[in-house]
There are 2 protein chains.
Amino acid sequence: MIVKEQIVNQAMLLFRQMGIRSVTMDMIAEQTGISKRTLYENFSNKDELVEACVMQEIESRKEQAKRILEGSSHIIETYILFMWDHINRLRGTSPLFIKDIQKLYPQSICKQTNEFNNRMRENMKQFIIMGIKDGVFRKEINPDIASILIFEQIKVLHVEGGFETSPLSMFSPAEVFEHISINFIRGISTSKGLELVDFYYSKHKMV
Amino acid sequence: MIVKEQIVNQAMLLFRQMGIRSVTMDMIAEQTGISKRTLYENFSNKDELVEACVMQEIESRKEQAKRILEGSSHIIETYILFMWDHINRLRGTSPLFIKDIQKLYPQSICKQTNEFNNRMRENMKQFIIMGIKDGVFRKEINPDIASILIFEQIKVLHVEGGFETSPLSMFSPAEVFEHISINFIRGISTSKGLELVDFYYSKHKMV
DNA sequence: AAAAAACTTTTATTGTTTAAAAAGTTTTTT
DNA sequence: AAAAAACTTTTTAAACAATAAAAGTTTTTT
């Protein structure tokens, strides 16, 4: 079944570039170098193919998350590493990809990503609660509000009309994301937390 | 021309409660206790009346801004006072009011509010630049990105579908706004800045 | 002279039709 | 046996028409 993987990989290449809506099955067949018929013998419809792509993406993220958790010694280091991981993903992916999944597939496939997102938000909330207990985040912080707000801020990157409408369009999504992430964690931090943010930020600094 | 003021005041009462779209001219006439004809003799159409209301609101804000600037001894105190002023306004105004102005009147009237908003964003940018020079905000901050981001965050409060769609619906706009404002300024602050935020926040603390 | 009511006009929303593009299928070719 | 091409069906989006609500006007009443 190596051909199925081939198709998923080539489709992902196109999806990442142009989103899902504007990639046709003809394009995918051509890109993979197979006929449409063969394509449909492997995936009986587009949704099935998209689902396979999304699942692959989610799996990749889960594995990466596992690696990050194993490789970090403090929750703030974890946060910084997740930030860099996401920045790298943003750099290789058109905002259309995420946007299309959310707008076009709110039922079947989005179920997977929604579960994933809800788990992420819940993780973020627990992360904040842990940080407060640990004395790195301020105790005035409401973990519910704060965990929602960080994801709402990130949504700005995937806003309707791309990004072009927004005055943020002059800056790259990756740059804005870094700004948001660092400002957010510093905003909720105590002085002890800030020291750790500075420490781990310079430890993992990238260009 | 006391009757004109009467109309504006009564109309504002309704607009603040239910937005602009859902308030009819009949409702305004009834609320003011005059006939529709008299209403139209004072304002030849709804847009003119809305404009008068918006101008009154802008004037009120300008005066309040002047008072705040005069009454504060440091830019961080200014920021905290503006925050409380806005929280008080939010408490008395339905999100529909701002939403309707932005969605319904993007041309003539919105010109006024857009100018006002652009000036606010520019002020915010200058505020951040001053803060960096003064050593209260971090020098890594990009004043353009940061000034846009704070307004984008505030937009979450006026998002399409009210607020009801958003997971933030369980919290009051005022509460969320305070969270956003404090997190933002702490996020961009140096340790010197944080001390001042703490100082002025407790100085002006409200319930 | 202004309120109340009855009226006309505009605007905004809703549903319907139509046309194009892409999904999905079948036939033909190599 | 799979690619290429030709085909049919579905979806989507745009254009248009019908409707209802509110804007705006005129007439009638107090």
Side-chain angles (χ1 to χ4, degrees), chain A residues 1-8 10-15 17-54 94 96-97 99-110 160-162, chain B residues 1-8 10-15 17-54 94 96-97 99-110 160-162:
Chain A
M1 279 297 126
I2 193 86
V3 63
K4 275 194 130 173
E5 284 172 33
Q6 264 295 317
I7 295 170
V8 168
Q10 296 303 313
M12 268 308 274
L13 223 66
L14 295 173
F15 289 157
Q17 269 170 38
M18 349 168 43
I20 294 168
R21 144 164 296 173
S22 51
V23 174
T24 69
M25 293 298 265
D26 292 83
M27 288 161 85
I28 294 168
E30 193 187 7
Q31 168 80 19
T32 316
I34 58 172
S35 73
K36 233 169 115 175
R37 168 151 196 194
T38 313
L39 176 53
Y40 274 99
E41 262 158 21
N42 285 277
F43 296 95
S44 57
N45 54 50
K46 192 179 180 182
D47 283 11
E48 219 174 78
L49 171 56
V50 172
E51 189 170 358
C53 291
V54 170
S94 158
L96 277 172
F97 181 57
K99 232 180 76 184
D100 278 358
I101 286 180
Q102 290 171 350
K103 306 260 155 177
L104 270 70
Y105 299 92
Q107 329 83 336
S108 53
I109 295 161
C110 207
E160 182 63 51
Chain B
M1 280 297 127
I2 193 87
V3 64
K4 276 192 131 176
E5 287 171 32
Q6 264 295 316
I7 294 169
V8 168
Q10 296 302 314
M12 271 305 276
L13 224 65
L14 294 173
F15 289 157
Q17 270 170 38
M18 353 166 42
I20 294 168
R21 144 165 294 172
S22 50
V23 173
T24 69
M25 292 298 263
D26 292 83
M27 287 161 86
I28 294 167
E30 193 187 8
Q31 168 81 20
T32 316
I34 58 172
S35 75
K36 235 169 115 174
R37 168 150 198 194
T38 314
L39 175 54
Y40 273 99
E41 260 156 25
N42 285 278
F43 296 95
S44 57
N45 54 52
K46 191 179 181 180
D47 283 10
E48 219 174 80
L49 172 54
V50 172
E51 189 170 1
C53 290
V54 169
S94 159
L96 277 173
F97 180 57
K99 231 180 76 185
D100 278 357
I101 286 181
Q102 290 172 348
K103 307 259 153 175
L104 269 70
Y105 299 91
Q107 329 85 335
S108 51
I109 295 161
C110 207
E160 181 64 51

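Excluded from the calculations below are hydrogen atoms, water molecules and symmetry mates; all remaining heavy atoms, backbone and side chain alike, are included. Note on naming: letters A, B, ... go to the chains in the order of the sequence lines (proteins, then strands), and numbering restarts at 1 for each one.
The shortest distance between the side-chain N/O atoms of Arg21(A) and the OP1/OP2 oxygens of dA13(D) is below 4.0 Å.
Considering all non-hydrogen atoms of both residues, Lys4(A) and Asn42(A) come closest at CE-O, 3.1 Å. When every heavy atom of Glu48(A) is checked against every heavy atom of Ser44(A), the shortest pair comes out as OE2-OG, 2.9 Å.
Between dA4(C), dT27(C), dG24(C), one nucleotide has an atom nearer to the side chain of Ser35(B) than all others, and that is dA4(C). Nearest to the side chain of Thr24(A), among dT27(D), dA22(C), dA3(D), sits dA22(C). Among dA23(D), dA4(D), dA23(C), the nucleotide with an atom closest to any side-chain atom of Arg37(A) is dA4(D). Proximity note for Tyr40(A) (side chain, C-beta onward) versus dT25(C), dA3(D), dA23(D): the nearest is dT25(C).
The distance between atom CD1 of Ile34(B) and atom P of dA5(C), rounded to the nearest whole Å, is 16 Å. Separating the CD1 atom of Ile20(B) from the P atom of dA22(D) is a distance of 16 Å, rounded to the nearest angstrom. Between the CG atom of Asn42(B) and the P atom of dA3(C) there is a distance of 10 Å, given to the nearest Å. Atom-to-atom, CG of Asp26(A) to P of dT25(C) comes out at 13 Å; the value is rounded to the nearest Å. As rounded to whole Å, 12 Å separates atom P of dT12(D) from atom CG of Asp100(A). The interatomic distance linking Ile28(B) (CD1) with dG24(D) (P) rounds to 10 Å, in whole Å. Taking atom NZ of Lys46(B) as the reference point, atom P of dA21(D) lies 15 Å away to the nearest angstrom. Rounding to whole angstrom units, CG of residue Asn45(B) and P of dT9(C) are separated by 18 Å.
Note: Ile20(A) CD1 to Met12(A) CE = 8.5 Å, rounded to the nearest 0.5 Å.
Looking at Asp26(A) and Lys36(A), their side chains come closer than 4.5 Å, going by heavy atoms from C-beta outward. Residues Ile28(B) and Phe15(B) form a side-chain contact, since some pair of their non-hydrogen atoms from C-beta on lies under 4.5 Å apart. The side-chain heavy atoms of Met25(A) and Tyr40(A), taken from C-beta on, include a pair separated by under 4.5 Å.
Stem list for DNA chain C (at least 3 consecutive Watson-Crick or G-U pairs, distances under 3.5 Å): C:1-30 with D:1-30.
In terms of position on DNA chain C, the residue among Ser22(A) and Ser44(A) whose nearest nucleotide sits closer to the 5' end is Ser22(A).
Using modelled atom types, no side-chain atom of Thr32(B) and backbone atom of Ile34(B) make a donor-acceptor pair closer than 3.5 Å.
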